[in-house]
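Below: the structure, in structure tokens.
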Amino acid sequence: MQKKAIKVVLIFIGAYLIFLILWINIKGYYGYAITHSVSNMIMPIKDVMLESITRKGDIIEVTFSKLAYRGEIKAHTSVKTSNYTFNVPITLAIMAALHLFIKRKKCAYLEAVLILLFVHVLYVFSLEAKGLTEMFMHKGLEPMNKVKLAFYQFLWSFTDLMVIRFGPFFIGIYIFLRFRK
């Protein structure tokens, strides 16, 4: 039992270091792809046009435009990739450490990656939707709806403060319970 525990710890540490080095090199491209995809999903929901998406280091700048009775309104959103992707290396390391304890590994790893992808999409979606809703209600482009505003604020806060931070552990527990030997 002690040998197995040491093996799990060594797998976790080794996998974490490998995934961290790999992730540092690709997270910017991943963040851009997630933000671009989510911004296209936001367009019909918030009745906006996507003007531009630019990557400046770790920050993705998104500009939307909306036609209003006063002319065209521009809305800018900044999405810091590290705020929601810092959990990728640790999630993958947890999955690697669970290798000894789970069956149907391909299915388990696929589910873990899909859950992680969904969480990241939810983060960017809730951030952009909250920002656009607040701005449009403040400028009178949308009628003030405190329930809608509270929903978007809660969704983003919950995703940012709970799901992103505890996600790797929730995913690990879920995969372990679902696929354990």
Audit row: V79, Y84, side-chain contact (heavy atoms from CB on, under 4.5 Å) steps and yes/no: CA-CA 9 Å; V79 181; Y84 68 94; 3.7 Å; yes
Give a yes or no answer on whether the side chain of R165 reaches the backbone of D160 with a donor-acceptor pair at less than 3.5 Å. yes
Using atom types as modelled and distance alone, determine if a side-chain donor or acceptor of K105 lies under 3.5 Å from a backbone N or O of H99. yes
Could you tell me whether M49 atom CE has more than 12 heavy atoms of other residues or ligands within 6.0 Å of it? no
Is any side-chain N of the basic residue among E128 and K46 closer than 4.0 Å to the acidic one's carboxylate O? no
Given F158 and S126, is the side-chain contact (heavy atoms from CB on, under 4.5 Å) satisfied, shown in steps? CA-CA 10 Å; F158 183 77; S126 61; over 6 Å; no
Determine the interplanar angle of the F166 and F170 rings, folded into 0 to 90°, and report it as parallel if under 30°, tilted if 30 to 60°, perpendicular if over 60°. tilted
Which class fits the ring pair Y123 and W156: parallel under 30°, tilted 30 to 60°, perpendicular over 60°? tilted
Decide side-chain contact (heavy atoms from CB on, under 4.5 Å) for K130 and L155; before the verdict, give the C-alpha distance in whole Å, the side-chain angles of both, and the deciding distance to 0.1 Å. CA-CA 8 Å; K130 176 187 82 75; L155 181 64; over 6 Å; no
Contacts of S52 that satisfy side-chain contact (heavy atoms from CB on, under 4.5 Å) - sequence neighbours left out: T63
Spatial distance of atom CZ (F176) from atom CD1 (I94) [nearest 0.5 Å]: 13.0 Å
Determine, stepwise, if the pair F86 / I164 fulfils side-chain contact (heavy atoms from CB on, under 4.5 Å). CA-CA 9 Å; F86 70 89; I164 291 294; 3.3 Å; yes
Could you give the side-chain donor-acceptor pairs of residues 10-19 under 3.5 Å, partners two or more places apart or in another chain?
none

